[in-house]
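The chains referred to below are lettered A, B, ... by the order of the sequence lines, with proteins before strands, and numbering in each begins at 1.
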Amino acid sequence: MHEQEAARLANLNKARAIGGVNPYGTRTEGLVTLAEAKGRYDEEADAEHQATAKSESPVDDRPRAKVAGRVMLKRTGGKLIWMNLRDASGEDLQIAVSKRDCTGDGFPLAQATDLGDIVVAHGPLMKTRTGEVTIWVDAFEPGAKSLTPPPTKHAGLQDVELRYRQRYVDLWANPETMRVFQLRSAIVSNIRRLMDARGYQEVETPMLQAQAGGAAARPFKTHLNALDVDVSLRIAPELYLKRLLVGGMPKVYEVNRNFRNEGVDKQHNPEFTMIEAYEAFGDMGTMMELTEHLCRESARLVVAWSRGVDILSVSDVDLVLPFGELMIDFGSPFARVGYGELFERSLGFAMSDLDKVWAKADELGIVGKYAGHLAAEGREIGAGGLRGKVDDAIIVNEVFEEVAEASLDPSRPTYITDYPSAISPLTRPKPEDLTLADRADLFLGGMELAPHYTELNDPEVQAEKFRAQLAGVDAEEMTFRTFDKDFIRALKVGMPPAGGMGLGIDRLVMLLTNQRSIRDVLLFPFMRPE
RNA sequence: GAGGGCGUAGCUCAGUUGGCAGAGCAGCGGACUUUUAAUCCGCGGGUCCAGGGUUCGAGUCCCUGCGCCCUCACCA
């Protein structure tokens with residue numbers, strides 16, 4: 001169906017034939033946004049102009065504006081053409097191109113304009129009879145031809161797949177999409193400002209790594225031809241940021257992409273953005289306070305933005321934002337609950353009661369899952385079952401995630417503290433109980449948002465934990481668990497005690513902009529190739 | 001990976017019991033210098049996701065494939 005495109009090509013040629021104008025525009029100085037143009041309207045000047053227009057000495061002191069925008073609506077009269085323009089400023093603005101008052105070839109060019117074209121218009125600001133602020137155009141020229149028919153003017157672009165694949169249409173056709181991504185940019189920019197204000201130094205560490213460490217996830221693998229070595233895209237920047245602590249940088253952070261070759265769903269995209277931060281001579285608590293600060297101030301920014309008020313005027317009690325059916329309170333202090341305490345409260349028995357833990361794991365199908373893993377590798381399970389072959393801590397954690405995490409109030413930001421040390425390989429064990437780790441994970445909206453650690457800086461303990469990890473049950477997992485020798489070498493040089501955290505930016509933006517899918521906060525989410 | 005849903009005009013969507021492929025907007029031609037999703041008159045526009053099957057006849061029923069969405073599982 002190229003009927004509509006043919007009509008646009010015809011209009012394109014029509015415009016080209018008019019005075020040699022380039023339908024694809026040119027450099028243009030002095031443009032203001034549609035919102036600013038609208039704001040320039042002057043009631044008195046407009047009234048004076050109207051009163052004197054038909055007199056012998058007309059007065060026209062109306063403010064003028066030169067704008068560029070995409071044509072959303074077009075209503076043609078015989079000698080007067082109305083268009084509604086849109087830009088990123090969030091305000092659409094009406095323009096009127098009159099055959100009598102528009103100079104040069106403006107009027108015929110306006111006639112040859114199609115919905116979706118980008119146009120440039122210049123003229124005084126006036127109000128119509130019905131009170132709509134309008135630019136009464138005296139100079140009109142094309143900005144860019146749109147050869148593709150636009151989505152319906154009213155419904156916008158609804159098709160979810162098209163919205164992701166053709167974000168360039170979604171952004172201008174659906175103002176809410178533009179708003180989300182403007183907010184995302186503002187949130188990230190604000191987070192950088194908050195970090196800088198606290199004396200953190202932003203750094204960049206490798207995304208191409210010979211060994212993908214700092215988390216447990218399957219990496220994307222590729223090959224560096226020049227050196228003939230296999231490399232991976234990073235799954236976390238952690239081990240490099242800690243090397244910088246060793247080098248003497250006291251407070252570092254990085255906002256950038258991680259890549260994980262795993263499931264794709266509403267909360268997971270193959271590449272996602274995290275802020276990771278480390279502070280020498282801090283600890284888990286230092287970082288929990290930092291995360292709470294970043295979340296709260298980000299919420300303040302969003303509230304200020306949506307109300308159109310100054311950020312300083314938004315108090316903590318106003319920091320309640322909708323997320324689906326939930327109302328999330330970012331203003332109150334975040335809740336805290338111990339891992340073991342939450343386990344016992346939700347399961348009815350202690351995590352140390354291993355008989356009951358294993359029985360529950362069996363009931364939940366967890367045992368069967370692990371038995372399947374072992375069987376797939378051809379390993380004997382034996383008469384004694386799985387116990388003894390799979391670390392108790394892993395089974396405890398499976399039960400915890402299934403039952404205890406799910407019992408949290410999703411509308412209340414909550415830190416889970418005192419994780420088992422066995423599942424926290426990069427975290428310092430608690431001095432008073434070496435089976436627990438100085439680790440706290442922030443949960444919110446049913447999502448894991450950010451882990452916090454008192455970092456492990458004892459190279460011997462770290463080396464032992466790497467070895468223990470590698471003794472895992474699953475051969476498949478072995479392929480992405482790494483023993484980073486250089487990292488141990490760095491720790492041997494001496495890393496100051498430190499706190500660290502990693503906050504998922506995409507998920508934070510989801511929570512703050514009320515978007516239920518990570519794809520709606522990523523400009524170009526990963527899509528299967530067409 | 002399992003289950004469910006969807007795929008029809010450029011866009012947004014109807015399509016009844018299996019019986020000539022529909023609407024609104026958009027487009028084309030005409031009228032109109034204060035319109036507001038402008039209005040009025042007229043006209044054109046389809047690989048019904050793809051392939052196969054059942055049937056006199058399939059957008060509709062069946063099978064296979066592709067794509068997207070949802071739920072669950074996986075992803076410590």
Side-chain angles (χ1 to χ4, degrees), chain A residues 1-11 50 71-84 92-102 107 114-116 126-134 136 146-166 169 173-174 215-218 235 260-270 272 364-366 368-370 372-373 390-391 393-402 405 419-420 422-425 439 441 448 451 469 472-474 476-477 480-481 516-517 519-520 525 527-530:
Chain A
M1 235 304 265
H2 42 70
E3 166 208 359
Q4 306 218 22
E5 197 172 321
R8 283 159 184 273
L9 276 170
N11 274 336
Q50 277 192 37
V71 179
M72 304 303 297
L73 300 171
K74 184 185 175 194
R75 298 174 290 279
T76 61
K79 295 166 186 168
L80 183 60
I81 299 171
W82 302 89
M83 298 184 204
N84 293 64
D92 289 3
L93 180 64
Q94 176 170 271
I95 67 171
V97 184
S98 151
K99 187 173 186 181
R100 186 207 323 128
D101 297 331
C102 191
F107 186 77
D114 290 303
L115 293 184
M126 46 84 72
K127 249 185 196 175
T128 62
R129 281 177 195 158
T130 51
E132 180 157 354
V133 174
T134 302
W136 195 261
S146 179
L147 293 174
T148 310
T152 50
K153 49 195 178 188
H154 194 54
L157 187 62
Q158 293 299 314
D159 187 293
V160 179
E161 184 178 356
L162 281 184
R163 288 187 47 229
Y164 296 148
R165 289 195 191 274
Q166 299 185 28
V169 175
N174 297 325
R218 277 173 199 80
I235 55 175
R260 296 186 182 177
N261 201 347
E262 293 179 349
V264 177
D265 61 29
K266 271 168 79 170
Q267 292 176 20
H268 298 83
N269 194 67
F272 63 100
L364 293 171
I366 294 164
K369 187 180 84 183
Y370 275 81
H373 286 208
V390 176
D391 196 312
I394 290 177
I395 298 302
V396 168
N397 196 52
E398 290 272 0
V399 173
F400 180 85
E401 291 188 352
E402 188 105 355
E405 272 184 20
Y419 270 76
I423 55 167
S424 312
R439 165 182 168 189
D441 281 17
E448 185 177 7
Q469 284 279 297
V473 291
D474 191 324
E476 199 186 355
E477 285 186 13
F480 59 83
R481 288 189 178 172
R516 304 311 299 267
S517 169
R519 295 185 150 191
D520 291 318
M527 299 290 285
R528 189 179 297 277
E530 290 181 82

Quiz item: Under 4.0 Å between a side-chain N/O of A:R100 and OP1 or OP2 of B:U33, yes or no?
Solution: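 No, because none of the side-chain N or O atoms of A:R100 sits under 4.0 Å from OP1 or OP2 of B:U33.
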What does [X] touch in the nucleic acid at a heavy-atom separation under 4.0 angstrom: a base, only the sugar-phosphate, or nothing?
{"X": "A:R8", "result": "nothing"}
{"X": "A:D265", "result": "base"}
{"X": "A:E132", "result": "base"}
{"X": "A:M83", "result": "nothing"}
{"X": "A:Q94", "result": "base"}

Round to the nearest Å and state the distance from [X] atom [atom1] to [N] atom [atom2].
{"X": "A:R519", "N": "B:C69", "atom1": "CZ", "atom2": "P", "result": "4 Å"}
{"X": "A:M527", "N": "B:C68", "atom1": "CE", "atom2": "C1'", "result": "7 Å"}
{"X": "A:M72", "N": "B:C25", "atom1": "CE", "atom2": "P", "result": "17 Å"}
{"X": "A:L93", "N": "B:U35", "atom1": "CG", "atom2": "P", "result": "17 Å"}

Mind checking the [atom1] distance from [N] to [M]? Whole angstroms is fine.
{"N": "B:C28", "M": "B:C72", "atom1": "P", "answer": "47 Å"}
{"N": "B:G4", "M": "B:C61", "atom1": "P", "answer": "15 Å"}
{"N": "B:C62", "M": "B:A58", "atom1": "P", "answer": "15 Å"}
{"N": "B:A26", "M": "B:C43", "atom1": "C1'", "answer": "15 Å"}

Quiz item: Any chance the side chains of A:N84 and A:D92 put a donor and an acceptor closer than 3.5 Å?
Solution: no
